[in-house]
Amino acid sequence: FSESSRFIVQDKLEEFWISHGNKGLFKISLNHNLDSILNIKTYGKDEGLNSLFNNSVYNFDNEIIVTNNDGLYKYNYTNNKFDAWHELNSAIGEFVTIQKFVVESNNSFWIILNNEKIMHLSKNSKGEFLSDMTIRKFNRRLAGSFEHILPLDKNNTLIATLEGSAIFDIDKYKQNT
């Protein structure tokens, strides 16, 4: 496989998913020794995605997730296609481009929307996703295409900005809102 790639994840069937911003989303099956490619499949409109462009692939809660300009998609292993992830798209509200999806745990994650706001979402006891924080403090201060969020512990998260990095204190933020 000779394409450059920004995102590579492995699924529960031990296949690799690779996304390239301009060339599409690929699923690669390797042999048992992991030294030869058995199959490469490109995913696009026929497989439920709106386009070959701007797809970013992630693994969340052992599911393959794709974000692009039209929303979030979840891979359906049964029909080998992507379905719009309506529950999560609804939790985000009016959809804008997701630039980064950062898994915090099996029940929570961070997303960066349009380089303007950062959201934290968690799954409640009913399995529903709820936004428990929307942060606009870093509006236009995130480095486009180099966005990065790193959860350090339950109260502190490192956020990469144009000026360097900032440690975001969740407890302090919640006390002030």
Would you indicate whether the side-chain heavy atoms of [Y] and [X] approach each other to under 4.5 Å?
X	Y	value
E87	E128	no
N59	V103	no
L30	I37	yes
I65	L88	no
N55	F7	no
L142	K100	no
T42	F26	yes
L25	E47	no

Answer yes if [X] and [Y] sit in the same cluster of Ile, Leu, Val, Met, Phe, Trp and Tyr residues linked by side chain heavy atoms under 4.5 Å apart, and no otherwise.
X	Y	answer
V102	L158	no
L49	Y75	yes
I135	I149	yes
L130	M133	no
L34	I40	yes

[X] side-chain N/O to [Y] backbone N/O, donor-acceptor pair under 3.5 Å:
X	Y	answer
D83	G48	no
N124	K126	yes
D35	N31	no

Quick check: closest heavy atoms across [X] and [Y], and the distance to 0.1 Å?
X	Y	result
S108	S122	CB-OG, 3.7 Å
S131	T134	OG-OG1, 3.5 Å
Q99	L113	OE1-C, 3.9 Å
G44	L52	CA-CD2, 3.9 Å
S4	H20	O-CD2, 2.9 Å
K174	D132	CE-O, 4.4 Å

Rounded distance [0.5 Å steps], [atom1] in [X] versus [atom2] in [Y]:
X	Y	atom1	atom2	result
I159	E147	CD1	CD	12.0 Å
I111	M119	CD1	CE	5.5 Å
K23	E3	NZ	CD	4.0 Å
L72	I92	CG	CD1	4.5 Å
K154	E104	NZ	CD	11.5 Å
L152	T157	CG	OG1	6.5 Å

Do the ring planes of [X] and [Y] sit parallel (below 30°), tilted (30 to 60°) or perpendicular (above 60°)?
X	Y	value
W85	F60	tilted
Y43	W17	tilted
F168	Y173	tilted

Counting only heavy atoms not in [X] (residues, nucleotides, ligands), do more than 12 fall under 6.0 Å from its [atom1]?
X	atom1	answer
E163	CD	yes
K172	NZ	no
L162	CG	yes

query: When the aromatic ring centroids of F138 and W110 are compared, is their separation below 6.0 Å?
result: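 No.
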Verdict with supporting geometry, N156 and D169, side chain to side chain contact (heavy atoms under 4.5 Å, CB included): CA-CA 5 Å; N156 296 291; D169 185 323; 4.1 Å; yes
query: Less than 4.0 Å between a side-chain N and a carboxylate O, is that true for E15 and K27?
result: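 Counted as a salt bridge, because a side-chain N and a carboxylate O are separated by less than 4.0 Å.
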task: Before accepting this row, confirm whether a basic side-chain N of the pair K123/D61 lies closer than 4.0 Å to the acidic partner's carboxylate O.
output: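 Salt bridge: yes.
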field: Worked check of side chain to side chain contact (heavy atoms under 4.5 Å, CB included) between I64 and F82
entry: CA-CA 9 Å; I64 297 301; F82 283 87; 4.1 Å; yes
query: Can the positive tip of K12 be found less than 6.0 Å from the middle of the six-membered ring of Y77, inside 45° of the ring normal?
result: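 Checked: cation-pi criterion met.
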- request: Under the side chain to side chain contact (heavy atoms under 4.5 Å, CB included) rule, what do Y73 and T67 come out as? Steps first, then yes or no, please.
  value: CA-CA 6 Å; Y73 297 84; T67 64; over 6 Å; no
